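The block underneath contains the structure these notes are about, expressed in structure tokens.
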Amino acid sequence: MRVLKFGGTSVGSVEMFYRVEQIVRSKAKEDRLILVISAMTGVTDTLEAIGRNARNGIDVLPAIHEIRNRHRKVIDGLFTNSERIATLHQQTDAICEELENIALGIKLTNEITPRIEARLLSNGEILSSQILAAYLQESGIETQWIDSRDYITTSGKYRGGHIVEEKTYQNLRSLLEIRDKTIVMPGFVARDVDGSMSVLGRGGSDYSAALVAAAVDAEFLEIWTDVSGVMTADPRHVSSAEPIAALTYDEAMELSHFGAKVIYPPTIRPVLRKSIPILIKNTFEPDAIGTLIAENVKGSDAPLRGISHIPDIALLTLFGPGMVGVPGTAMRLFKALYAGDVNVLFITQSSSEHSITVGVDKGAASTAASHINSEFLIEQRAGAINPVQVEEELSLVAAVGENMRHRPGIA
Ligand code: ADP
Ligand code: ASP
Ligand code: MG
């Protein structure tokens, strides 16, 4: 069994659907396949903008029409059977009508709750995966569309919540009962324990695919995208970046955590636990070898495997004489950040204990600062600790490679 995930550009046009069909056709001869599909490129961004604009009273009907037209155009380009076209148009129209209703609700209430937002965002993957399933079936590949929301359960948040693992894995294992058919599933989408729709966080289709691969003990998880593997640096910024042939799970985790968008960071853990190798492949260039991510891969002897970066970072520094030798300061700082639901990207502490610095996303900086300042208000009034210092307009750069260990001089 192989799990293949196709990203947004891989299903972005009629031409790309042809490519996907060819890849699937050749693989389906050798293996049972489960396909996990992203929304067409840009659609989730548009859905996010629809939510934001509806709340601000901006007309979102043109954006919904654009989504409708884009999918209809792909349907018209792919199919010749007029009944099939009519059915898919109906499915697309029904989803777009739902989008209009959600947008109206947001506009009237002047509010977008996380639950409504997840419901809005989940539609892109439903649209693209249904079209692909129908197209593969039409091309003679026996296909079954499966609604991932009935299989993947989350809790806590509607956007990027925790996976309820046991239930999710148990549900997904039942896919093994479907033999003789290629399964097509929407990525990204799930359902909360309360029955509402939820999504796995931006870029989350990779994670959906990893959960499926782990549940069915797949031989491989293949992530099909628009670059020929994980590259030595972000190709959008570094024109000389090259694909890396092999990476360990740890290296891949580091690179993705520090901004290599080609893999969504939570993707690695489910497959690592089962030692399932990941292959990153390019839908535009299927013959390129891509990147293998596995346990004990032998890469080059170069000290560095790659460099990644996260833009828009803010550094927050808590400092003052009243921190030295006082137990509990760090605990209170992190508790304050936790209370503000702030994700900490990295931490440093000066050896004198005089200061602690944390790096957070720029968008979270003011929430983080106000939570920290209110936690330490008494010490600040007494002059023992200074108001938290915030530095913005920074990027975090990470140099990654297992070979850096025990090699003096690299830093
Ligand atoms: P998909 O829609 O297939 O999931 P993404 O846009 O999420 O694709 O991820 C692929 C993109 O990640 C590439 O087009 C590239 O611009 C970007 N990227 C950033 N850093 C890296 C890197 N180190 N290696 C490869 N791609 C990277
Ligand atoms: N469509 C979702 C996003 O753009 C999920 C994904 O593509 O992985 O974030
Ligand atoms: Mg992605």
Side-chain angles (χ1 to χ4, degrees), residues 4-13 16 19-20 23 35-49 51 67 117-118 120-129 148 152 159-160 185-190 197-212 221-245 247 251-268 278-285 288 290-291 293 304-311 395-401:
L4 274 59
K5 177 257 171 178
F6 289 94
T9 21
S10 302
V11 290
S13 63
M16 295 312 290
R19 286 176 187 269
V20 170
I23 293 164
L35 315 180
V36 177
I37 310 302
S38 285
M40 284 188 202
T41 181
V43 168
T44 313
D45 290 337
T46 306
L47 292 169
E48 216 168 32
I67 289 182
E117 193 182 35
L120 184 64
L121 294 185
S122 61
N123 288 293
E125 269 69 9
I126 305 297
L127 283 165
S128 60
S129 64
S148 312
I152 299 178
R159 208 185 147 151
M185 307 175 73
F188 186 51
V189 301
M197 286 179 214
S198 59
V199 290
L200 305 185
R202 291 305 307 271
S205 292
D206 297 342
Y207 189 26
S208 310
L211 293 168
V212 175
L221 166 61
E222 298 186 9
I223 295 187
W224 288 81
T225 181
D226 55 8
V227 281
S228 295
V230 181
M231 308 189 67
T232 48
D234 186 336
R236 291 167 297 182
H237 295 278
V238 181
S239 59
S240 58
E242 289 173 0
I244 307 168
L247 285 171
E251 288 170 331
M253 213 146 28
E254 285 287 295
L255 284 168
S256 72
H257 180 76
F258 287 111
K261 189 185 170 226
V262 62
I263 321 169
Y264 180 55
T267 307
I268 313 279
I278 307 175
L279 258 179
I280 312 284
K281 294 283 287 178
N282 189 348
T283 311
F284 293 86
E285 255 183 76
T291 299
I293 302 168
L304 276 192
R305 286 270 217 252
I307 294 176
S308 56
H309 76 283
I310 312 179
S395 290
L396 182 59
V397 177
V400 175

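Both ligands and their constituent atoms are indexed starting at 1 by order of listing. Quick caveat: nothing in here was measured; it's all calculated off a predicted structure.
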Starting from [atom], find the nearest protein heavy-atom neighbour and note its residue, name and distance.
| atom | value |
| --- | --- |
| atom 2 (O) of ligand 1 | G8 N, 3.0 Å |
| atom 22 (C) of ligand 1 | M231 N, 3.7 Å |
| atom 3 (O) of ligand 1 | T225 OG1, 2.7 Å |
| atom 4 (O) of ligand 1 | K5 NZ, 2.9 Å |
| atom 12 (O) of ligand 1 | V262 N, 3.5 Å |
| atom 4 (O) of ligand 2 | R202 NH2, 2.9 Å |
| atom 5 (C) of ligand 2 | E125 OE2, 3.4 Å |
| atom 7 (O) of ligand 2 | S38 OG, 3.1 Å |
| atom 6 (O) of ligand 1 | K261 NZ, 2.8 Å |
| atom 6 (C) of ligand 2 | S205 OG, 3.4 Å |
| atom 11 (C) of ligand 1 | D226 OD1, 4.0 Å |
| atom 17 (C) of ligand 1 | R236 NH2, 3.8 Å |

Any side-chain heavy-atom pair from T9 and T283 closer than 4.5 angstrom?
no

Tell me, do F188 and L121 make a side-chain contact under 4.5 Å, heavy atoms counted?
yes

Any heavy atom of G204 closer to ligand 2 than 4.0 angstrom?
yes

For the residue pair F6 and W224, categorise the inter-ring angle as parallel (less than 30°), tilted (30 to 60°) or perpendicular (more than 60°).
parallel

Expected list for residues 39-47: side-chain donor-acceptor pairs under 3.5 angstrom, two or more places apart:
| unit_1 | atom_1 | unit_2 | atom_2 | d |
| --- | --- | --- | --- | --- |
| D45 | OD1 | R202 | NH1 | 3.1 |
| D45 | OD1 | R202 | NH2 | 2.9 |
| T46 | OG1 | G42 | O | 2.9 |

As an exercise, identify every atom of ligand 1 less than 4.0 angstrom from a heavy atom of A260.
20 (N), 23 (N)

Picking from L255, I278, V400, what satisfies side chain to side chain contact (heavy atoms under 4.5 Å, CB included) with L247?
L255

Do ligand 2 and G203 have nitrogen or oxygen atoms that lie under 3.5 Å from each other?
yes

For [X], state whether at least one heavy atom is located under 4.0 Å from any atom of ligand 1.
| X | value |
| --- | --- |
| G229 | yes |
| S10 | no |
| P235 | yes |

Among D206, T225, T267, the one residue meeting side-chain hydrogen bond (donor to acceptor under 3.5 Å, both in side chains) with K5
D206

